[in-house]
Amino acid sequence: MRGKLTVPAAVLTALALGGGTATAAPDVAVSEAEMLAAKPKFQLPFTCKTHVRVDTWAARHDPALDITHLPIDQTEGLWVRASEAGTVVQSYSDPKGAGNIIQVRHSGNWFTTYIHLKYRSVKKGDKVAQGKKIGAVGHTGETSNGRPHLHYEQNYSTGSTATWGYEGSQRKAAHFDGHKYTGAGKTWKLYSHNVGSQDGCG
């Protein structure tokens, strides 16, 4: 399946997602080791035991991830949950670019960004627990190319928000359950574990 899936042109040009926010402050000098030491224990943003496919696509798309359900025809409407506890710092619609967007600020200057959502269940300022339902997977925004998927990023910023969606933005390699998922042209098939533990994962 991996070699036969056609990558939409808009996915490969994720830089056109809308570019995040111009108000995010530049990072102060922090070493990679310090960033990683402060990184929360992020989980896949789905209900426990959900089976998903995770893709990085081209080098300019990595380290952003595109996530679809397995089977793929069940992707639209899949609940999206907060990867970790935090505060919603962005929740808005960008129909000409990324569609429905949510960004959550977590501890240690880390953020998660969720793009192309079908709808948003939280607003700016809301506090969310890990596993809290924040929206659903959709294909909103022109850069989704009409293909249901979650464009997902983990970002690092010392500002109040983080930039996203383009090379040079504040997105970083994603980690779930302490494992790193990054590198151009890679695919993983994963099961979510701890998020939504009320659904049986403990």
Side-chain angles (χ1 to χ4, degrees), residues 1-2 5 11 17 39-57 63-93 98-108 110-141 144 146-155 162 164 171-182 186-202:
M1 179 177 179
R2 179 175 172 182
L5 187 66
V11 173
L17 280 171
K39 193 165 194 176
K41 297 185 183 301
F42 291 123
Q43 302 291 333
L44 275 165
F46 304 103
T47 301
C48 178
K49 298 183 181 179
T50 302
H51 192 194
V52 296
R53 170 178 166 146
V54 178
D55 290 282
T56 53
W57 306 123
L65 305 176
D66 280 358
I67 308 177
T68 52
H69 190 275
L70 288 175
I72 247 172
D73 61 4
Q74 295 178 16
T75 298
E76 179 83 17
L78 180 67
W79 285 359
V80 175
R81 298 180 180 273
S83 284
E84 176 58 284
T87 302
V88 178
V89 293
Q90 296 187 63
S91 180
Y92 65 96
S93 178
N100 283 316
I101 306 160
I102 293 170
Q103 186 173 84
V104 181
R105 182 183 179 121
H106 309 282
S107 62
W110 283 92
F111 296 75
T112 49
T113 307
Y114 312 79
I115 298 170
H116 302 313
L117 298 169
K118 184 173 185 177
Y119 60 82
R120 293 168 285 120
S121 301
V122 292
K123 64 185 183 303
K124 183 177 178 180
D126 285 352
K127 305 285 187 185
V128 295
Q130 186 182 63
K132 165 77 175 176
K133 181 184 174 186
I134 60 173
V137 178
H139 58 275
T140 57
S144 74
R147 185 178 71 92
H149 67 282
L150 175 67
H151 178 101
Y152 174 91
E153 299 185 12
Q154 290 176 6
N155 318 82
W164 49 265
R171 60 192 187 187
K172 304 295 180 184
H175 290 71
F176 302 115
D177 292 318
H179 299 286
K180 186 176 180 179
Y181 296 93
T182 191
K186 292 190 177 180
T187 294
W188 300 268
K189 295 178 181 178
L190 306 173
Y191 282 92
S192 58
H193 294 292
N194 294 332
V195 165
S197 59
Q198 72 275 10
D199 296 315
C201 280

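Position 1 is the first residue of the sequence; numbering continues from there.
- Under a 3.5 Å cut-off, the side chain of S83 and the backbone N or O of L44 do not form any donor-acceptor pair.
- If you look at H139 and H149, their ring centroids are not closer than 6.0 Å.
- Aromatic ring centroids of H106 and F42 lie under 6.0 Å apart.
- Using cut-offs of 30° and 60° on the angle between ring planes, the pair H116 and H151 is perpendicular.
- At least one donor-acceptor pair under 3.5 Å links the side chain of T56 to the backbone N or O of K186.
- From T182, atom OG1 reaches atom CH2 of W188 across 6.5 Å, with rounding to the nearest 0.5 Å.
- Counted by atom type alone, K41 and Q130 present zero donor-acceptor pairs between their side chains at under 3.5 Å.
- Taking 4.5 Å as the limit, every side-chain heavy atom of V195 sits out of range of all side-chain heavy atoms of T47.
- Here the side chain of R171 pairs no donor or acceptor atom with the backbone of E153 at under 3.5 angstrom.
- For the side chain to side chain donor-acceptor pair (under 3.5 Å) criterion with H175, the lone passing option out of K180, Q43, Q154, K39 is K39.
- In this structure a side-chain-to-backbone donor-acceptor pair under 3.5 Å is present from H193 to Y191.
- One distance of note links OH of Y92 with CD1 of I101; it measures 3.5 Å at 0.5 Å rounding.
- A donor-acceptor contact shorter than 3.5 Å is absent between the side chain of T68 and the backbone of T75.
- The residues R53 and D55 are annotated as salt-bridged, a charged nitrogen and a carboxylate oxygen being separated by less than 4.0 angstrom.
- The aromatic ring centres of F46 and W79 sit 6.0 Å or more apart.
- The heavy-atom pair separating L117 from T140 by the smallest distance is O-OG1, 2.8 Å.
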